[in-house]
There are 2 protein chains.
Amino acid sequence: MNLRRQGRNAATVHDVAREAGVSPMTVSRVVNNAPGVASVTRALVKQVIERLGFVPNRAARSLRARRSLWIALAFQRSLDETRDDPAYVTELQEGVIGRCLENGYHAAVEVLSADQGEAAIQLRELAQQLAPDGVLLAPPLSAAGPLLAQLEELRVPFVRISPASEDGPGPCVVIDDLPAAQQMTEYLLSMGHRRIACVQGHPAHAASAPRLQGYLAALTGWGIASTPSLIVPGDFSFDGGKRAAAHLLSLGADAPTAIFACNDESAAGCLAEAHARRIQVPTELSIAGFDDTYVATMLYPPLTTIRQPIREMGQAATSQLLALIEGLQPPQSIRMPYRLVERQSAAPATGQGRHAS
Amino acid sequence: MNLRRQGRNAATVHDVAREAGVSPMTVSRVVNNAPGVASVTRALVKQVIERLGFVPNRAARSLRARRSLWIALAFQRSLDETRDDPAYVTELQEGVIGRCLENGYHAAVEVLSADQGEAAIQLRELAQQLAPDGVLLAPPLSAAGPLLAQLEELRVPFVRISPASEDGPGPCVVIDDLPAAQQMTEYLLSMGHRRIACVQGHPAHAASAPRLQGYLAALTGWGIASTPSLIVPGDFSFDGGKRAAAHLLSLGADAPTAIFACNDESAAGCLAEAHARRIQVPTELSIAGFDDTYVATMLYPPLTTIRQPIREMGQAATSQLLALIEGLQPPQSIRMPYRLVERQSAAPATGQGRHAS
DNA sequence: TTGAAAGCGCTAACAC
DNA sequence: GTGTTAGCGCTTTCAA
């Protein structure tokens, strides 16, 4: 068993070369899977590497090859000084970190300021100090124009995760927000709901617009006119959802029988407001969310929502970035599948909703 | 404005040395705040560094100085293939990452297998490949004996975050679980509750035992005998909490008027079970949690719980680790303060609880 | 207080 | 297919 660490008395390419009776260069080629080594030699060297427990020194490799073997995963601190949805963050991280490890890279998590100007400065310092080989931008950074421009200027490869638009610089990974929202709305329609409200997302967030559009498209598809009073502003927050529901549920006979909230957090707010008003969910009111985040199963009743393959998006984005770093030309945009998760917060409409009982 | 990145045509110590009319060595000393440089020289060099936008090359520094300037923050993947409480994870990360940056370090987030043997292997590979200057162990890794032993063997400095016991190898950062749980139980007692149940934590988790002990201590302090049937097993999960509450609430006249759940997630489960049984919280039943995690405010009613200064614990642990790396002798254990957060899930007892109405 | 020399471990560029 | 040479940018060591 080899417990020798890097830097102490660890084996080097020279040690391996000597043992294998080849030159250090050949060892290097084997380690990097570079062409130009006879398969016999390659096998021999690999065996010696195994035996000596040789692990290449990252610092040396990085210094000579001018690659840091690091990528940065950049999040934005949200305005209230906490990051948004921690479950989204950790799941994305797992996808990214895992895929990095598979490829000899490491991921550095960075949290940039909510202030765009400050974030740009932080990103530059990051590029200088850490010198990542590439950057992954989580939303809403993925839609921050000036930052993208700066990365282009610095010639740092980057991939955008769930940006506002698939156009723009750099490849991206997206999910089909619009059809997903449409499917959810159609699901509510198919259960007999006709007065369906929509609690919108944060105006600055990329996902907000397509989710509203999907909602509208579903109504149009079913030949139902949209009701302006049922489309209320929101900001992806619990409090925003609670306020929106308070408004909607005080509409009396015009109140909705179902609410489509554009994310789980605001759906949780709607749920809390319904509880506070002693309105039974889902018998009197159906509520649907979007994201299938951590909290969805911890609410009462558990939330019917749309599941995004967040971890898989992280993996896909990382693969795209590594391809970019290798000088390849990855697809401009990768679309990931979504799935409607039926739980207990939505049920068939019962006549006039809460006014039926 | 300097946009030159590392590795491209960035300024080096030689450039700075030439401009300043000194040797590269002097520049190095200034950069590292090493002694033995006249203050005039130091000022001059600093000025040139500023002017050229010089940023030391991490790889070169790391190669020569045999320090990677990285620390690893290790989490354990929980058994159900997701990490526990994402909010805890992200908050701890922010504390650690922030403090690292302040000190010229970077933090690498690592997620180890739930299987201890596999985790040990991953940790060794990590130590070899990344060669972090130190490791921070999040719970429950901080209580994993074999891993700690391995780190000692590898001579990698480490700090334990919320370990089972303050004894054992390496410094640690802890909160006073016992008095915190005691205070919460006393809070319930002071509101007139006498039949208070305790939903225990995961047996393998360090925090479980002291929290139970705190609960018991409070009862003892008030001269109340503990009731075995009111102390139910749990595992820090939503489902575990729900099962525990189902048991407790089917006890008829012996059912508790208040439940102290050993974390927020199981408290959420208790809340869901109460909702499902149409038991009003807090009027018929009080529920208290522990951790003040992300979900606490998204439940209905919002959870009365104990707040841990998680971010600050991350910062403190990082400072301890950096001290250890510098060869200093940090305190063996740092205790962080906690705080009872009153929200709406607990209220004064009303006669016989749910049987009063 | 400062500097010169050497080399950390690896790989680009080129020669054979 | 393989080896030689040189040097990435920094800091350790030692000398002045």
Side-chain angles (χ1 to χ4, degrees), chain A residues 4-46 48-49 52-69 104 128-131 133 326-327, chain B residues 4-46 48-49 52-69 104 128-131 133:
Chain A
R4 304 192 297 186
R5 289 180 58 213
Q6 273 198 24
R8 295 190 66 77
N9 48 3
T12 71
V13 276
H14 289 94
D15 299 327
V16 177
R18 193 171 353 92
E19 287 284 319
V22 298
S23 77
M25 197 54 231
T26 301
V27 177
S28 173
R29 282 194 262 257
V30 170
V31 168
N32 292 287
N33 278 319
V37 182
S39 54
V40 216
T41 317
R42 192 178 292 272
L44 170 65
V45 171
K46 276 189 173 161
V48 175
I49 285 174
L52 297 186
F54 166 75
V55 177
N57 180 307
R58 282 181 83 89
R61 218 211 288 224
S62 174
L63 174 60
R64 179 69 247 220
R66 293 164 178 280
R67 298 187 302 164
S68 67
L69 299 177
Q128 285 181 154
Q129 287 172 24
L130 180 58
D133 295 331
E326 302 297 331
Chain B
R4 303 192 297 186
R5 290 181 56 212
Q6 274 198 21
R8 295 190 67 80
N9 47 4
T12 72
V13 274
H14 289 94
D15 299 328
V16 177
R18 194 171 352 93
E19 287 284 319
V22 298
S23 78
M25 197 53 235
T26 300
V27 177
S28 173
R29 281 194 262 257
V30 171
V31 167
N32 292 287
N33 278 318
V37 181
S39 55
V40 216
T41 317
R42 193 179 291 274
L44 170 65
V45 171
K46 276 189 172 160
V48 175
I49 285 175
L52 297 185
F54 168 76
V55 177
N57 179 308
R58 280 181 87 88
R61 217 214 290 225
S62 172
L63 174 60
R64 182 70 248 218
R66 292 166 180 278
R67 297 187 305 163
S68 66
L69 299 177
Q128 287 181 151
Q129 288 172 25
L130 179 58
D133 295 331

Would a 4.5 Å heavy-atom cut-off, applied to side chains only, mark B:Asn57 and A:Arg66 as touching?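 No; the side chains remain at least 4.5 Å from each other.
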How many whole angstroms separate atom [atom1] of [X] from atom [atom2] of [N]?
| X | N | atom1 | atom2 | answer |
| --- | --- | --- | --- | --- |
| B:Asn57 | C:dC10 | CG | C1' | 14 Å |
| A:Arg58 | D:dG9 | CZ | P | 19 Å |
| A:Gln128 | D:dG9 | CD | C1' | 16 Å |
| A:Arg18 | D:dG3 | CZ | C1' | 17 Å |
| A:Leu63 | C:dC8 | CG | P | 13 Å |

OP1 or OP2 of [N] versus the side-chain N and O atoms of [X]: is any pair under 4.0 Å?
| X | N | result |
| --- | --- | --- |
| A:Thr26 | D:dG3 | yes |
| A:Arg66 | D:dG9 | yes |
| B:Thr12 | D:dG9 | no |

Could you write nucleotides 11-16 of chain C as a row of B, S and -, 5' to 3', where a protein heavy atom under 4.0 Å of any base atom gives B, of only sugar-phosphate atoms gives S, and otherwise -? BBB---
Test side chain to side chain contact (heavy atoms under 4.5 Å, CB included) applied to [X] - qualifying residues, sequence neighbours left out:
| X | answer |
| --- | --- |
| A:Arg67 | A:Ala65, A:Leu69, A:Tyr105, A:Asp133, A:Glu326 |
| A:Ala20 | A:Val22, A:Leu44, A:Val45, A:Val48 |
| B:Arg64 | none |

What is the nucleic acid contact for B:Thr41, judged by heavy atoms within less than 4.0 Å: base, sugar-phosphate only, or nothing?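 Sugar-phosphate contact only - B:Thr41 comes under 4.0 Å of backbone atoms but never of a base.
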Using every non-hydrogen atom in the two residues, find where A:Asn33 and A:Arg42 come nearest and quote the distance to one decimal.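 Looking at all heavy atoms of both residues, the closest pair is CA-NH1, 3.9 Å.
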Nearest heavy atoms of B:Ser23 and B:Ala17, plus distance in Å: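 Reported closest heavy-atom pair: C-CB, 3.6 Å.
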Does anything in residues 25-36 of chain B form a salt bridge (charged side-chain N to carboxylate O under 4.0 Å, His left out)? List the pairs, not counting sequence neighbours.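 Qualifying pairs, neighbours excluded: none.
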What nucleotide among C:dG9, D:dT2, D:dG3 has an atom nearest to a side-chain atom of A:Ala38?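 Side chain of A:Ala38 sits closest to D:dT2.
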Side chain to side chain contact (heavy atoms under 4.5 Å, CB included) assessment of A:Thr12 paired with A:Arg18: CA-CA 10 Å; A:Thr12 71; A:Arg18 193 171 353 92; over 6 Å; no
So, taking the atom named CZ in A:Arg61 and the one named OG in A:Ser28, what distance separates them when rounded to the nearest 0.5 Å?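 Answer for the CZ-OG pair, A:Arg61 versus A:Ser28, is 8.0 Å.
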Over the length of the helix from C:dT1-D:dA16 to C:dC16-D:dG1, how much do the five-pair end axes diverge, rounded to 10 degrees?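 That helix gives 30° between its end axes.
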